[in-house]
A.B. asks: 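I have a structure here, written as structure tokens, and I will follow up with some questions on it.
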Amino acid sequence: MIRSARVTDVPALHAMICELAAYEKSLHEVRATEEQLREALFGPRPAAFSHVAETEEGEVVGFSIWFLNFSTWRGVHGIYLEDLYVRPGVRGGGYGKALLAELARTCVERGYERLEWSVLDWNTPAVDFYRSVGAVPMDEWTVNRLSDDALRALAAAAR
């Protein structure tokens, strides 16, 4: 049901990334191409990793994309889950929990001490799902982001 993604999964991964973005009302922000995903996941120096959930018939119906982070306080790596998605028609079938459990297993097996991710406040089904597996929201932390013009402006200040 859960396996590491293969290069042949890239078109399905890209399609599901677009589905997730549409659900999150942000499809207009998707710039990633299949080639970029292929390079990031399967190039000479992978920057990200992926697992897929597939049905008994071999249809890919969900995915996780993740990368390593590092805790300066714990002194070890962790996993940052960038995206977890299961197609609507198969939700409730255990695919999401199985994808998350695979990442937890990877953490434990490798000695990583944290599995972290962000979730939109309004996405109540996801929030409820994550709480059901024991995830604790980090209410005292605020995610910050620099991108586009603000990123370029700050980079220019470093010159």
A.B. asks: What's the separation between atom CG in Leu41 and atom OG in Ser4, rounded to the nearest 0.5 Å?
C.D. replies: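 Reported to 0.5 Å precision, the distance equals 11.0 Å.
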
A.B. asks: Considering non-hydrogen atoms only, spot the tightest contact between Lys25 and His28 and give its length.
C.D. replies: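 Result for this residue pair: O-CE1, 3.7 Å.
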
A.B. asks: Any link between Leu99 and Phe49 through a network of hydrophobic side chains (Ile, Leu, Val, Met, Phe, Trp, Tyr) touching at under 4.5 Å?
C.D. replies: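 Leu99 and Phe49: one cluster.
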
A.B. asks: Leu13 versus Ser50: any side-chain heavy-atom pair under 4.5 Å?
C.D. replies: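 Touching, per the 4.5 Å side-chain cut-off.
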
A.B. asks: Between Tyr95 and Phe63, is there shared hydrophobic-cluster membership here, with clusters defined by ILVMFWY side-chain heavy atoms closer than 4.5 Å?
C.D. replies: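 No; Phe63 is not reachable from Tyr95 via cluster members.
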
A.B. asks: If hydrophobic clusters are built from ILVMFWY residues whose side chains come within less than 4.5 Å, do Leu84 and Leu20 share one?
C.D. replies: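 Cluster IDs for Leu84 and Leu20 differ.
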
A.B. asks: Got a second to check how far Ser64's OG is from Leu115's CG, nearest 0.5 Å?
C.D. replies: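 Here the interatomic distance stands at 9.5 Å.
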
A.B. asks: Which pair of non-hydrogen atoms, one from Ala53 and one from Ile2, has the smallest distance, and what is that distance?
C.D. replies: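 Distance-wise, the nearest heavy atoms are CB-CD1, 3.6 Å.
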
A.B. asks: With respect to Trp66, which candidate in His51, Glu82, Glu116 satisfies the side chain to side chain donor-acceptor pair (under 3.5 Å) definition?
C.D. replies: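 Filter result, single survivor: His51.
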
A.B. asks: Please name all residues satisfying salt bridge (Lys or Arg N to Asp or Glu O under 4.0 Å) with Arg114, sequence neighbours left out, ordered by chain then number.
C.D. replies: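 Partners of Arg114 by the salt bridge (Lys or Arg N to Asp or Glu O under 4.0 Å) criterion come out as none, since no residue qualifies.
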
A.B. asks: Are the side chain of Asp83 and the backbone of Ile65 linked by a donor-acceptor contact shorter than 3.5 Å?
C.D. replies: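 No, the answer is negative, given that no donor and acceptor are paired below the 3.5 Å cut-off.
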
A.B. asks: With side-chain contact (heavy atoms from CB on, under 4.5 Å) as the criterion, how do Leu68 and Ile79 come out once you've worked through the C-alpha distance, each side chain's angles and the decisive distance to 0.1 Å?
C.D. replies: CA-CA 5 Å; Leu68 296 181; Ile79 287 177; 4.3 Å; yes

A.B. asks: If you round to the nearest 0.5 Å, how far is CD of Glu39 from CD of Glu34?
C.D. replies: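 Rounded to the nearest 0.5 Å, the CD-CD separation comes out at 14.5 Å.
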
A.B. asks: Given side-chain hydrogen bond (donor to acceptor under 3.5 Å, both in side chains), test Thr33 with Glu35 step by step and report yes or no.
C.D. replies: CA-CA 5 Å; Thr33 65; Glu35 185 53 38; over 6 Å; no

A.B. asks: Could Arg152 and Asp149 be called an ion pair, given the rule that one side-chain N must be under 4.0 Å from one carboxylate O?
C.D. replies: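 Yes, this pair counts.
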
A.B. asks: Are Tyr112 and Ser71 linked by a side-chain donor-acceptor pair shorter than 3.5 Å?
C.D. replies: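 The answer is no; no qualifying pair exists.
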
A.B. asks: Hey, any chance Val119 and Leu100 share a hydrophobic cluster, counting ILVMFWY side chains that come within less than 4.5 Å of each other, even indirectly?
C.D. replies: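 Cluster IDs for Val119 and Leu100 match.
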
A.B. asks: To the nearest 0.5 Å, tell me how far Lys97 NZ sits from Glu102 CD.
C.D. replies: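 Answer rounded to 0.5 Å: 14.5 Å.
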
A.B. asks: Side chains of residues 125-147: which donor-acceptor partners sit under 3.5 Å, not counting sequence neighbours?
C.D. replies:
{"from": "Ser132", "atom 1": "OG", "to": "Phe129", "atom 2": "O", "distance (Å)": "2.6"}
{"from": "Asn144", "atom 1": "ND2", "to": "Thr142", "atom 2": "O", "distance (Å)": "3.0"}

A.B. asks: Hey, does the side chain of His77 reach the backbone of Phe70 with a donor-acceptor pair shorter than 3.5 angstrom?
C.D. replies: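 Not at all, since once roles are kept as given, no pair shorter than 3.5 Å links the two residues.
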
A.B. asks: Might you point out which heavy atoms bring Phe67 and Ala47 nearest each other, and give the distance in Å?
C.D. replies: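 The pair with the smallest heavy-atom distance is CB-O, 3.5 Å.
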
A.B. asks: Using every non-hydrogen atom in the two residues, find where Ala98 and Met1 come nearest and quote the distance to one decimal.
C.D. replies: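 Distance-wise, the nearest heavy atoms are CB-SD, 4.1 Å.
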
A.B. asks: To the nearest 0.5 Å, what is the distance between CZ on Arg38 and CG on Asp9?
C.D. replies: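 That separation rounds to 11.0 Å.
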
A.B. asks: Could you check whether any side-chain N or O of Arg91 sits under 3.5 Å from a backbone N or O of Val86, counting only pairs where one atom can act as donor and the other as acceptor?
C.D. replies: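 Judged by distance alone, yes, a pair lies under 3.5 Å.
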
A.B. asks: Membership question, hydrophobic clusters at under 4.5 Å side-chain separation (ILVMFWY): are Val10 and Met16 in the same one?
C.D. replies: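 Linked, Met16 and Val10 end up in one cluster.
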
A.B. asks: Return the minimal non-hydrogen interatomic distance between Cys18 and Leu27, and the atom names on each side.
C.D. replies: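 For Cys18 and Leu27, the tightest heavy-atom pair comes out as O-CD1, 3.5 Å.
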
A.B. asks: Do you know which two heavy atoms are closest between Val60 and Arg3, and how far apart they sit?
C.D. replies: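 For Val60 versus Arg3, the nearest heavy atoms are CG2-NH2, 3.9 Å.
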
A.B. asks: Tell me whether the centres of the aromatic rings in Trp122 and Tyr23 are closer together than 6.0 Å.
C.D. replies: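 Yes, close enough.
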
